[in-house]
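One structure is given below, encoded as structure tokens.
Counting from 1, the numbers follow the sequence of the chain as shown.
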Amino acid sequence: MDDVPEHLQKIYLSNALDQVLANPTAAHAWHHLAQHFVACGPQLQQQIVSLLHSNLPADGVVGFMRATFCASMTQQRQYFVEAGKILLKLQPIHLDRILAFLGYAWAKLLGNCENTQAFIADINAYCFPQLIQRCAELLAAAASKQLPARKIEHIKKVAVVGPHLSTTAHAPTRLLLQHAALWMTQGADVRAFSCQDLRITNMPQLFGNGEDFNLYEGDVEQWATLLPQPLSLHLGNTQLGLLRRYANMLEPLAEYDPDLIFFVGMYSPLIEVLFPQRPVLVLGVHALPPVASCDVWLAADASLAGSTENPWSNALSVGAAFPYSWRITLPPHQALNRLNVNVPPDAFILVCVGYRLGQEIAGEWAQRLCQFLAQRPDALLLLLGTADIPDAMQSVDSEQIIALGNQENVAGILDCCDIYLNPVRMGGGFSVLEAMAASLPVLALADGDGGKKLGEYAQPDLATYFAQLDLLSQDAMLRQQLRTGANHAICADKHAAP
């Protein structure tokens, strides 16, 4: 909008606001307003938010559109809470809208929450457990098939179920396929099932913010490289709505008649329907109990053994935790040197990895990192997973930061770096494991997926985190000790054969 004269910008903004107020159920009107909203100053933005609240209803589809618009534009928690509560009452129940909201809110929380407690609190505040249960009740009523009722005495047939299969670079996809392979090596009859929950047709039209975070669909040939033998795989038709996808998936599941449901993920209405019919074992993709009903869930933290703590109220029935540290085997990689990566051979290289770095690199962590880089002109920050420099890092000298986008050979690039930095985020556990496997010194705050991989070596707060960065940046011998000592030992434990 920078090339539009100021007087026209005001007219266009006023017109976009008129269109929303006149037709508040129209997603395209909200999306058009969003384009103009981001160009406004804070005071005008607040006036627009106040105007929307005083002129539009707080419930129904209009209330949800308003809440998701405000959530995206302001990033304020209250609007995510509001959107979740509206969805609980909204009729008719629309699974696509609910699952799209849950996926959107989950992704935002992974980048914005600083620790597990805050993450759990927000999952509950956004009504995740109740919304999942609401979807499950609708699916159960619509389903024409159930698994045959019978007593389970032996585990011979295992249905490996995941919400979404994407590329093998997607850690949950690799997690599911490698565990399907593990079941095969144990002699089980294995089939895999995924409704492809994170491919929702016309997703932007379900929100007032116009965001689209559909995940890539995977390549069957690529998946096969992780399997010791062919795997019978049932995928949902992404041209269909989720209710029909879920209902259709119950047919091959009933025909297969498994002894065990092995769910690799964090939540799914399909699992809630299957839970009363078969034993459910869950392997989550984060370091907290799954938001799913189950008999047993696999916890990387051995101290949780036997715990039956259920942080999701009474909406879901979470079973006992069982200690299980192994997660994935990292793929073989091509060795690289700094010449291959096109970085200075004598630079002090920091690296971050993640698909959401633009959102996650923010706040005080980003400010302190900018200060560190300003004091160390020989330092270089590599960002893997994003092609854009995050807003919070725009002040950094362009010679000191490189956004490399998605990379096939992450491990090869890590080999060329000096320190791995995990931003303040709930996620990042698999990226930390990759860095540990490369024997890099790793910095991560304690109460998150990444920090829990480091255990006692994680930093308790930002002051300690950046003090450790200062120390490591000045002591090459200490970095080398960490490369060959503690981190390597932790990594070996995490990747031990199951």
Is there a donor-acceptor pair closer than 3.5 Å between any side-chain N or O of E408 and the backbone N or O of N406? no

Begin with the C-alpha distance, continue with both residues' side-chain angles, and end with the deciding distance and a verdict on side-chain contact (heavy atoms from CB on, under 4.5 Å) for L440 and I419. CA-CA 6 Å; L440 274 184; I419 298 178; over 6 Å; no

Is the number of heavy atoms from other residues, nucleotides or ligands within 6.0 Å of CD (Q394) greater than 12? yes

Can you confirm whether the side chains of T116 and D447 place a donor and an acceptor under 3.5 Å from each other? yes

Would you please say whether a donor-acceptor pair under 3.5 Å links the side chains of T386 and D388? no

Taking the ring of H53 and the ring of Y79, is the distance between their centroids below 6.0 Å? yes

Whether W223 side chain and S166 backbone form a donor-acceptor pair below 3.5 Å: yes

Check: S293/E272 side-chain N/O donor and acceptor closer than 3.5 Å: yes

Measure across L231 and A192 and return the closest heavy-atom pair with its distance rounded to 0.1 Å. CD2-CB, 3.7 Å

Verify side-chain hydrogen bond (donor to acceptor under 3.5 Å, both in side chains) between Q196 and S194, making sure each step is shown before the conclusion. CA-CA 5 Å; Q196 300 298 81; S194 176; 2.8 Å; yes

Cut-off 3.5 Å, side chains only: do H164 and D197 have a donor facing an acceptor? no

Between the CD atom in Q46 and the SG atom in C40, the distance rounded to the nearest 0.5 Å is 12.5 Å

In this structure, CG of L369 is separated from CD1 of I401 (nearest 0.5 Å) by 7.5 Å

Ignoring hydrogens, what is the shortest heavy-atom contact between F263 and G265? Give both atom names and the distance. CE2-C, 3.6 Å

For R425 and L357, what are the C-alpha separation, side-chain angles and deciding distance, and is it a side-chain contact (heavy atoms from CB on, under 4.5 Å)? CA-CA 10 Å; R425 56 183 177 183; L357 291 179; 3.9 Å; yes

Do the side chains of K452 and D301 get close enough for a salt bridge, i.e. N-O under 4.0 angstrom? no

When you measure from the side chain of N209 to the backbone N and O of M73, does any donor-acceptor pair fall under 3.5 Å? no

Side-chain (N340) to main-chain (N337) donor-acceptor, under 3.5 angstrom: yes

For a 4.5 angstrom cut-off between non-hydrogen side-chain atoms, does L350 reach D418? no

Side-chain donor/acceptor of Q400 to backbone N/O of R376, under 3.5 Å: yes

Looking at CD1 of I48 and CZ of F69, how far apart are the two atoms once the value is rounded to the nearest 0.5 Å? 7.0 Å

Ring-ring centroid check Y324 H179, cutoff 6.0 Å: yes

Using side-chain contact (heavy atoms from CB on, under 4.5 Å), reason through R356 and F213 one step at a time and then give a plain yes or no. CA-CA 11 Å; R356 293 178 291 270; F213 52 91; over 6 Å; no

What's the verdict on side-chain hydrogen bond (donor to acceptor under 3.5 Å, both in side chains) for S72 and K108, showing C-alpha distance, side-chain angles and the deciding distance? CA-CA 10 Å; S72 179; K108 293 296 183 183; 5.8 Å; no

In terms of heavy-atom contacts, does CD of Q117 have more than 12 from other residues, nucleotides or ligands at under 6.0 Å? no

F430 six-ring face occupied by R327 cation (under 6.0 Å, within 45°): no

Run the numbers on D378 and D346 for side-chain contact (heavy atoms from CB on, under 4.5 Å), then give the verdict. CA-CA 8 Å; D378 64 321; D346 56 349; over 6 Å; no

Please answer whether the main-chain N or O of L206 pairs with a side-chain N or O of R97 as donor and acceptor at a distance below 3.5 Å. yes

With no hydrogens and no angle check, is any side-chain donor or acceptor of T238 less than 3.5 Å from a backbone partner on R199? no

With a 4.5 Å limit on heavy-atom distance, are the side chains of C135 and L99 in contact? yes

Working to the nearest 0.5 Å, report the span between CD of Q371 and OG of S395. 9.5 Å

Distance in Å, I155 CD1 paired with Q186 CD, rounded so as to fall on 0.5 Å steps: 13.5 Å

Polar side-chain atom of D96 near backbone of L242 as donor-acceptor pair, under 3.5 Å: yes

With distance as the sole criterion, is a donor-acceptor pair present between the side chains of S473 and D470 under 3.5 Å? no

Decide side-chain hydrogen bond (donor to acceptor under 3.5 Å, both in side chains) for W106 and Y126; before the verdict, give the C-alpha distance in whole Å, the side-chain angles of both, and the deciding distance to 0.1 Å. CA-CA 10 Å; W106 190 278; Y126 297 0; over 6 Å; no

Check: A287 main-chain N/O paired with D449 side-chain donor or acceptor under 3.5 Å: yes

Do the side chains of V160 and F193 get nearer than 4.5 Å, heavy atoms only? no

Checking the side chain of R338 only, and the main-chain atoms of C417 only, is there a donor and an acceptor separated by less than 3.5 Å? no

Once you round to the nearest 0.5 Å, how far does CG of L95 lie from CZ of R134? 10.0 Å

Can you find a heavy atom in the side chain of L421 that is under 4.5 Å from one in the side chain of V351? no

Could you check whether atom CG of N342 has more than 12 heavy atoms from other residues, nucleotides or ligands sitting under 6.0 Å from it? no

What orientation do W183 and F262 show, parallel under 30°, tilted 30 to 60°, or perpendicular over 60°? perpendicular

Compare all side-chain heavy atoms of L175 with those of V285 and state whether any distance is below 4.5 angstrom. yes

Closest non-hydrogen atom pair, P129 against A315: CB-CB, 3.7 Å

At their closest point, which heavy atom of A444 faces which heavy atom of G451, and how far apart are they? CB-N, 3.9 Å

Are the aromatic ring centres of F128 and W312 under 6.0 angstrom apart? no

State, yes or no, whether a side-chain contact exists between C127 and Q133 at a heavy-atom distance under 4.5 Å. no

For a 4.5 angstrom cut-off between non-hydrogen side-chain atoms, does P172 reach V264? no

For residues M266 and P289, report the shortest heavy-atom separation together with the two atoms involved. CE-O, 3.6 Å

Aromatic ring proximity, centroids under 6.0 angstrom, F101 and F207: no

Side chain to side chain, R174 and L177, heavy atoms closer than 4.5 Å: no

What one should report as the nearest heavy-atom pair of V442 and A435 is CG2-CB, 3.8 Å

